[in-house]
Protein chains: 2
Amino acid sequence: MTKKKVSIDDIAKSLGVSKTLVSLVINSKAEKHGISKITQKKVWDKVEELNYKPNMMARSLRLGKSNTIGLIVSDISNPFYSKMARQIEDLAQKKGYNLIICSTDENIEKELTLIKMLKGRQVDGLIISSSQKKSEELNALLKDNYPSVFIDRCIPRLKANYVTVDNTRGAYEAVEHLIQQGYDKIAAFAISPIHVSTINDRIQGYLRAVKDHEKTYNNSLLVEIPFNNIKASVKKEMKKIHDAKESVRAIFALNNHIAIACLEAAQEMKIRIPDDIALVSFDDIDAFRLTSPSVTAVMQPLDEICDHAVKILFHEITNKTELEKKHIVLQTRLVIRRSSVL
Amino acid sequence: MTKKKVSIDDIAKSLGVSKTLVSLVINSKAEKHGISKITQKKVWDKVEELNYKPNMMARSLRLGKSNTIGLIVSDISNPFYSKMARQIEDLAQKKGYNLIICSTDENIEKELTLIKMLKGRQVDGLIISSSQKKSEELNALLKDNYPSVFIDRCIPRLKANYVTVDNTRGAYEAVEHLIQQGYDKIAAFAISPIHVSTINDRIQGYLRAVKDHEKTYNNSLLVEIPFNNIKASVKKEMKKIHDAKESVRAIFALNNHIAIACLEAAQEMKIRIPDDIALVSFDDIDAFRLTSPSVTAVMQPLDEICDHAVKILFHEITNKTELEKKHIVLQTRLVIRRSSVL
DNA sequence: TCAAAATTCTAAATCGTTTTAGGATTTTAT
DNA sequence: ATAAAATCCTAAAACGATTTAGAATTTTGA
């Protein structure tokens, strides 16, 4: 910046009044303090003239709040999280808050570093989709009752606010749908790390559905796809299934990345979905509407998730006393896009 | 927060030294100022013990820089921009910067308000995909040589740093591709507001390609789809084309939203792409790989765009003197996904 | 032995706000 | 006329860091 910024002092000096006066006027506390209308106008005119904009850093320092909230997710370019970010952005905006967005790449250490960094930046609250396995470090970082809401995923033994969906039930319904379509052996493609609560719960849902309906199950039906090599692994697994000419004719993809990889692999190997192999995905994303035939998916109520998360967060931010932790569990909805035919 | 935060003063007091000393140690300026190793260790130990983290607001105020950059786009949930955001986030992270992301919804006023807000927050620089029609307000806002880079779109008569792609040529190649496939009458679906430079340039490219190859053209071939009613409008236009049984058998969608709407409409109306109507899109997004048959699209070199933008921005941030404005124009690449058949 | 040099540390100003605790001055009431 | 009340305004501290300019002490050198 070449030009010197104009401060409250400049306004005060050039008007021959105190900065207290200027501050009061600017913050609409003039009436309360009996500042005359005439002086008020003078201040506003000068503010206009010099194009004064308060320095939010200084204000934040003084007030001890930054009007910023931090959003930590595994990858902001994942449509599930970018949609979420947008929703949260809008809600925060309404309250005069801005969003600092950070991606962790599922890296536990990076996540912890980011939380520390955001705390150092004095963000007023945190919304986190965490990849942690244990709760120790998080507990240590948040023990000072730092306003925070955990979203999407649960961490074992972490006492915190949560907004999640009923992953077990969502998965159950998805698998049940396949069963009702007549599929018997259903493969589940989980993404590693499977310690993540969402994935684990979905696996439970899958297992329960298979068991309840007395469908065959063996270990080879549940495969774990490594996070860093999704595409190749999925292709390999699909090929296995396709070549085996076994009765496995349906795949339950445990998140959108896996489902996308399935679609790609199918395309490359000329496997027709759902004619050759049926596919149901957890997480609904725009692309699944567009693929033809489009993909049936478990939809998470994104707007509701964000509403709750933001509401809880702001409640904590405003009431600085220790509040009881909340855990909101929302229901998913199975979006059936095409009745799969055997 | 229940607990009082620990400040540099707490460290100093509990150690019986000055805060200058503590500050110097913490900022690795101890050697330069001849602080003894013993004292340094004492400071670090106490920092550890009290779990001291510097208050970045205070530091920023003093230093006059926030280590934050603002990213303004029309909608962060648009995959084009969320991918971009992720890329910029990573590059910024490496330099110790964080990202505040804001969506404008193509709203001119909102964009200006956001810029003011971000300046008030003392962000060190701005990366903007702007929706402005005129340059006046932007010029006023940035006249103090505020570090900024305009990305994706150009604003008439705005003297600023730009990183864009050659939209005209990209569009030309896309349309040429359709022509080479044997299509004669090619419709172009533009999204309003068409004053946006990207859209306008793409229209020029379309027109030139049609003209160069002496294909028929009339006004009805270029249709403007209103931003706030994409889906219905696209459906209507596609129906027109389909019903008319005219020779219009190809659509050039001028951005990803339009292309997505085309796919949806086609699906609903059982129009086969590309057998009934061929489709080429500007902007390549993941979904286009997955649709079957997948969609040919003009790909923008996202990584390169971000690299340049961030590089230019940091150059401006570090060299506070008035620098010559740069305009980087990158080339697009036509990703041919399936040879359209007549 | 004593001034100069080296070593190790610190007081205070500063960044730009908000807020507390009152200080002047004028008006009102008796 | 004067105390009380009302009106309008301000000085200074505080938020938590960095940095300038120099102070206090010890060491060195002749």
Side-chain angles (χ1 to χ4, degrees), chain A residues 1 3-43 46-47 50-67 96 117 119-124, chain B residues 1 3-43 46-47 50-68 96 119-124:
Chain A
M1 265 81 29
K3 270 194 206 150
K4 188 71 189 48
K5 294 218 182 104
V6 19
S7 76
I8 203 171
D9 232 18
D10 300 326
I11 303 277
K13 289 238 178 69
S14 77
L15 237 37
V17 300
S18 72
K19 37 183 191 164
T20 308
L21 195 262
V22 178
S23 173
L24 290 174
V25 171
I26 286 177
N27 293 290
S28 315
K29 293 182 180 154
E31 299 305 337
K32 207 168 299 173
H33 289 255
I35 312 284
S36 73
K37 292 263 185 259
I38 297 178
T39 322
Q40 289 188 44
K41 173 130 177 40
K42 278 199 293 186
V43 171
K46 189 58 86 178
V47 162
L50 300 188
N51 189 30
Y52 166 72
K53 295 274 173 266
N55 181 326
M56 290 306 170
M57 292 254 122
R59 176 177 282 176
S60 293
L61 175 59
R62 176 61 228 246
L63 295 179
K65 69 197 299 291
S66 62
N67 275 56
M117 184 275 293
K119 282 185 69 182
R121 275 180 181 267
Q122 316 298 117
V123 304
D124 296 332
Chain B
M1 265 81 27
K3 269 192 206 153
K4 189 72 188 49
K5 293 219 182 104
V6 19
S7 77
I8 203 172
D9 233 18
D10 300 328
I11 304 278
K13 289 237 178 70
S14 77
L15 237 37
V17 300
S18 72
K19 36 183 192 164
T20 307
L21 196 258
V22 178
S23 173
L24 291 173
V25 172
I26 286 176
N27 292 290
S28 315
K29 294 181 181 156
E31 299 304 339
K32 208 168 298 174
H33 288 255
I35 312 285
S36 73
K37 292 263 184 259
I38 297 178
T39 322
Q40 288 189 44
K41 172 130 177 47
K42 277 198 297 185
V43 170
K46 188 57 86 176
V47 162
L50 299 188
N51 189 30
Y52 167 70
K53 296 275 172 264
N55 181 325
M56 291 307 170
M57 292 257 123
R59 175 177 281 176
S60 294
L61 175 59
R62 177 60 229 248
L63 264 32
K65 68 197 298 293
S66 62
N67 275 56
T68 304
K119 282 185 69 181
R121 275 179 181 268
Q122 315 299 118
V123 304
D124 296 332

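Naming convention: chains lettered A, B, ... in sequence-line order (proteins, then strands); numbering from 1 in each chain.
The closest donor-acceptor contact from the side chain of B:Asn55 to the backbone of B:Met57 lies under 3.5 Å.
Distance B:Leu63 CG to C:dC15 P: 13 Å, rounded to the nearest Å. Across the protein-nucleic acid pair, B:Arg121 atom CZ and C:dG16 atom C1' stand 16 Å apart, rounded to whole Å. Atom CZ in A:Arg62 sits roughly 8 Å away from atom C1' in C:dT17 (whole-Å rounding).
A:Leu61 comes within contact range of at least one nucleobase, with a heavy-atom separation under 4.0 Å. Within 4.0 Å of A:Gly120, counting heavy atoms only, lies no atom of the nucleic acid at all. Counting any heavy atom pair closer than 4.0 Å across all strands shown, A:Thr39 reaches sugar-phosphate atoms only and no base atom.
Expressed to the nearest 0.5 Å, how far NZ of A:Lys119 lies from NZ of B:Lys5 amounts to 7.5 Å. Expressed to the nearest 0.5 Å, how far CD of B:Gln40 lies from OG of B:Ser28 amounts to 9.0 Å. Here the straight-line distance linking atom CG of A:Asp9 with atom OG of A:Ser14 works out to 10.0 Å at 0.5 Å rounding. Atom OG of B:Ser36 is separated from atom CD of B:Glu31 by 10.0 Å, given to the nearest 0.5 angstrom. Once rounded to the nearest 0.5 Å, the distance linking OG of B:Ser23 with CD1 of B:Ile11 reads 12.0 Å.
Residues from residues 50-57 of chain A with heavy atoms under 4.0 angstrom of DNA chain C, sorted by number: A:Tyr52, A:Lys53, A:Pro54, A:Asn55. For DNA chain D, the residues of residues 23-37 of chain B within the heavy-atom distance limit of 4.0 Å (strictly under) are B:Ser23, B:Asn27, B:Lys29, sorted by number.
Nucleotides of DNA chain C nearest to B:Lys19 and B:Gly16 differ in position, and the one nearer the 5' end is that of B:Gly16. For the pair A:Leu21 and B:Ile8, nearest-nucleotide mapping onto DNA chain D gives the more 5' position to A:Leu21.
Under the side-chain hydrogen bond (donor to acceptor under 3.5 Å, both in side chains) criterion, A:Arg121 pairs with B:Thr68, B:Asn98, not counting sequence neighbours. The salt bridge (charged side-chain N to carboxylate O under 4.0 Å, His left out) check on A:Asp10 picks up nothing, with sequence neighbours excluded. Residues satisfying the side chain to side chain contact (heavy atoms under 4.5 Å, CB included) criterion with B:Lys65, sequence neighbours excluded, are B:Leu63, B:Asn67, B:Tyr97, B:Asp124. Partners of B:Lys53 according to the salt bridge (charged side-chain N to carboxylate O under 4.0 Å, His left out) rule, which considers only residues two or more places apart in sequence or in another chain, do not exist here. Listed by chain and residue number, B:Glu49 satisfy the side-chain hydrogen bond (donor to acceptor under 3.5 Å, both in side chains) test with B:Lys46 (two or more places apart in sequence, or in another chain). Taking B:Asn51 as the reference, nothing meets the side-chain hydrogen bond (donor to acceptor under 3.5 Å, both in side chains) condition, with sequence neighbours excluded. Residues satisfying the side-chain hydrogen bond (donor to acceptor under 3.5 Å, both in side chains) criterion with A:Lys19, sequence neighbours excluded, are absent altogether. Evaluation of the salt bridge (charged side-chain N to carboxylate O under 4.0 Å, His left out) rule for B:Lys42 yields no partner, not counting sequence neighbours.
Between the side chain of A:Thr20 and the base of C:dT19, a donor-acceptor pair under 3.5 Å is found.
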Extract from the structure each pairing of a protein N or O with an N or O of nucleotides 26-28 of chain C at less than 3.5 Å, listing the distance.
none

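Using a 4.0 Å cutoff to heavy atoms of chain A, the contacted part of DNA chain D runs 5' to 3' from D:dC8 to D:dG16.
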